[in-house]
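Have a look at the structure below, then the notes.
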Amino acid sequence: MLLVNQLRENRDQIIAALTKRNKDFTAQIDEIIALDETRRKTQNDLDNNLAEANKLSKEIGDMFKSGKKDEAEAAKPKVATLKEAAKALEATLQQTEEAQKQLLYTIPNAPHTSVPQGKTAEDNVEVHIWGQMPNLGEQKKPHWELIEEYDLIDFELGTKIAGAGFPVYKGQGARLQRALINFFLDEATKAGYREIQPPHLVNEASGYGTGQLPDKEGQMYHVGVDDLYLIPTAEVPLTNLYRDVILKEEQLPVKMTGYTPCFRREAGSWGAHVRGLNRLHQFDKVEIVQLAHPDQSYTILEDMVEHVKGILQKLELHYRVIRLCGGDMGFTSALTYDFEAWSGAQERWLEVSSTSNFENFQANRLKCRFKNSDGKTQLVHTLNGSALALPRIVASLLENNQTPEGIRIPAALVPYTGFDMIRK
RNA sequence: GGAGAGGUGGGUGAGUGGCUGAAACCAACAGUUUGCUAAACUGUCGUAGGGGGUAACCCUUACCGGGGGUUCGAAUCCCCCCCUCUCCGCCA
């Protein structure tokens with residue numbers, strides 16, 4: 001969430017930045033600032049009140065020790081009165097803080113200056129494109145036909161044992177999954193990311209930490225009996241590793257990578273274009289996460305973008321990078337680049353990675369800080385990116401590399417798959 | 001799941017109602033000494049909120065797993081919850 005101090009100091013700039021999301025947050029922000037006035041005043045009153053009570057209590061103690069029992073007894077009611085008043089002030093303080101927090105939860109991150117104005121995906125800006133559309137001829141098939149033909153992935157079986165959107169990977173299809181995961185993890189490790197294997201279920205505090213809660217409550221699977229959430233991305237457990245942590249400046253940047261399955265209810269988002277692997281309830285993804293010094297976070301974002309580019313190029317996939325417009329950007333992000341791989345048979349772009357700088361929006365909730373060179377604690381900037389999400393990569397690989405003899409595996413992957421061609 | 005023990009600052013750990021935001025030791029940081037390293041010595045060393053000051057800093061409040069309660073006063077007493085450890089049970 002946004003910092004109250006920043007709202008107070010840069011009210012106009014933040015309101016202006018937020019208009020890129022096509023919404024006016026002036027009313028909410030002004031209310032937050034007003035609540036903050038109340039909060040500070042109440043805190044001040046409460047402090048004075050408690051200081052007086054503490055002083056009196058000490059005096060009463062001294063009176064008892066020096067045998068002035070009557071005086072002590074006489075002073076007791078005074079403290080009681082003060083405490084009474086303190087209780088009321090405390091209640092006001094709590095209510096004010098709670099109201100302020102609830103309002104803060106409703107305000108998304110302020111977009112970076114480079115974020116284009118816009119409402120929908122139409123307004124996103126292409127910043128980079130690589131490779132060429134494959135020439136597949138008339139016989140080309142979409143991946144949902146290829147996976148059946150080569151017996152790689154079985155949706156029916158998944159439906160039988162779990163439900164729609166839970167595919168079963170078989171034989172070379174399963175092997176391809178494992179190959180991709182290992183390939184992605186190795187690439188991230190080579191780039192200096194430390195591999196982490198986190199839990200796949202997280203508690204409520206973690207959900208709030210990275211901002212999935214309360215914003216995306218209905219999008220996560222929730223295990224009621226134990227009050228745990230299935231992770232929608234490794235970002236959640238990885239970033240939360242550093243919740244309530246104060247780092248040393250020289251520890252930055254913290255670079256982590258992790259493979260996890262991702263679980264998404266995708267409530268209400270099923271419709272056209274969701275056939276096959278395009279949208280699933282469970283899918284695999286390798287994530288890269290960094291905790292960065294605020295001065296470096298945008299340089300680091302570019303590094304992460306380069307990293308993702310490199311992987312896509314090794315996979316020989318025609319892809320493009322787009323800068324999301326304000327209207328298309330996620331709630332917590334300040335700047336997001338999406339990567340889209342070309343799907344040769346569907347003849348459309350598929351989003352395969354989203355790489356973002358959250359600045360201190362997540363860190364504020366996480367209370368992830370570092371001690372700067374002045375010895376002051378300061379919030380870190382958090383960043384993450386998919387490197388990469390598997391299903392649409394598989395879709396593109398299968399479609400773009402189909403030949404009459406079988407499906408060709410890109411050279412960089414062959415050491416991982418152990419085969420260079422998927423055959424019937 | 002059953003029984004018992006316990007949760008205190010970065011770590012170990014003292015502290016059973018006021019003199020404790022918290023001893024001591026270790027670690028860390030700064031300095032002194034030294035040809036360098038080591039050792040020794042000296043000092044600093046939790047977080048958050050509020051107020052004041054250009055600032056160094058000062059005043060103040062809260063926090064000893066979390067929440068509530070008793071009391072003039074709670075790390076210390078009471079209640080609920082969470083977690084950890086040991087033993088037993090179950091089990092990949």
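Proteins get letters first, then strands, A, B, ... in listed order; numbering begins at 1 in each. Being a predicted model, the structure only gives us computed values, none of them experimental. Hydrogens, waters and symmetry mates are skipped; everything else that's a heavy atom, side chains included, is used.
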Note to self: Are Phe166(A) and Phe155(A), when compared by the centres of their aromatic rings, separated by less than 6.0 Å?
What the structure shows: no
Margin query: Please give the distance between the P atoms of A3(B) and G89(B) as a whole number of Å.
Written below: 16 Å
Margin query: What's the gap between G6(B) and U76(B) when it is taken at their P atoms, as a whole Å value?
Written below: 15 Å
Next item on the list: Quote, to the nearest angstrom, the P distance that separates G17(B) from C77(B).
Entry: 8 Å
Check: Strictly under 6.0 Å, is that where the ring centroids of Phe358(A) and His381(A) end up?
Finding: no
Next item on the list: Take nucleotides 72-82 of chain B nucleotide by nucleotide from the 5' end and write B, S or -, depending on whether a protein heavy atom sits under 4.0 Å from the base, only from the sugar-phosphate, or from neither.
Entry: BS---------
Checklist line | Between C63(B) (C1') and Asp244(A) (CG): distance, integer Å | finding: 13 Å
Check: Regarding Gln212(A) and Gln219(A), is there a side-chain donor-to-acceptor distance under 3.5 Å anywhere?
Finding: no
Notebook entry, point to check: How far does the C1' atom of A75(B) sit from the matching atom of A40(B), given to the nearest Å?
Noted result: 36 Å
Next item on the list: Verify whether the ring centers belonging to His112(A) and Tyr298(A) lie closer than 6.0 Å.
Entry: yes
Notebook entry, point to check: Taking a pair as Watson-Crick or G-U wobble with both distances under 3.5 Å, which nucleotide is matched to G89(B)?
Noted result: none
Checklist line | Distance, nearest 0.5 Å, that separates CG of Asn357(A) from OG1 of Thr336(A) | finding: 9.0 Å
Next item on the list: Verify, without hydrogens or angle tests, whether Asp226(A) (side chain) and Leu228(A) (backbone) share a donor-acceptor contact under 3.5 angstrom.
Entry: no
Note to self: With rounding to the closest Å, how many angstrom separate the C1' atoms on C85(B) and A92(B)?
What the structure shows: 22 Å
Next item on the list: Considering only atom P, compute the distance from U60(B) to U20(B) and round it to an integer number of Å.
Entry: 16 Å
Next item on the list: Sugar-phosphate atoms are those with a prime plus P, OP1 and OP2; base atoms are the rest. Using that split, label each nucleotide of nucleotides 44-62 of chain B B, S or - for protein heavy atoms under 4.0 Å, 5' to 3'.
Entry: ---SSBSS----S---SSS
Next item on the list: Just name whichever nucleotide pairs with U20(B), Watson-Crick or G-U, keeping both distances under 3.5 Å, else none.
Entry: none
Next item on the list: Can you tell me the pairing partner of A62(B) across any strand shown, Watson-Crick or G-U wobble, with both distances under 3.5 angstrom?
Entry: U47(B)
Next item on the list: Provide the Watson-Crick or G-U wobble partner of U54(B), both distances under 3.5 Å; none if there is no partner.
Entry: none
Item checked: Step-by-step side chain to side chain donor-acceptor pair (under 3.5 Å) determination, Lys285(A) to Thr233(A) -> CA-CA 8 Å; Lys285(A) 179 160 64 65; Thr233(A) 159; 2.8 Å; yes
Notebook entry, point to check: Are the charged groups of Glu302(A) and Lys309(A) less than 4.0 angstrom apart, N to O?
Noted result: no
Notebook entry, point to check: Should G9(B) form a Watson-Crick or G-U wobble pair with both distances under 3.5 Å, which nucleotide is its partner?
Noted result: none
Notebook entry, point to check: Rounded to whole angstroms, how far apart are CD on Gln251(A) and P on C29(B)?
Noted result: 13 Å
Checklist line | Pairing partner of C77(B) (Watson-Crick or G-U wobble, both distances under 3.5 Å) | finding: G69(B)
Margin query: Taking only the P atom of each, what is the distance from A56(B) to G49(B) in whole angstrom?
Written below: 16 Å
Checklist line | Parallel, tilted or perpendicular: ring planes of Tyr416(A) versus Phe183(A), cut at 30 and 60 degrees | finding: perpendicular
Check: Aromatic rings Phe263(A) and Tyr221(A): how do their planes relate, parallel, tilted or perpendicular, breaks at 30° and 60°?
Finding: perpendicular
Check: G73(B) and C83(B): how far apart are their P atoms, nearest whole angstrom?
Finding: 33 Å
Checklist line | Identity of whatever pairs with U42(B) - Watson-Crick or G-U, under 3.5 angstrom | finding: A30(B)
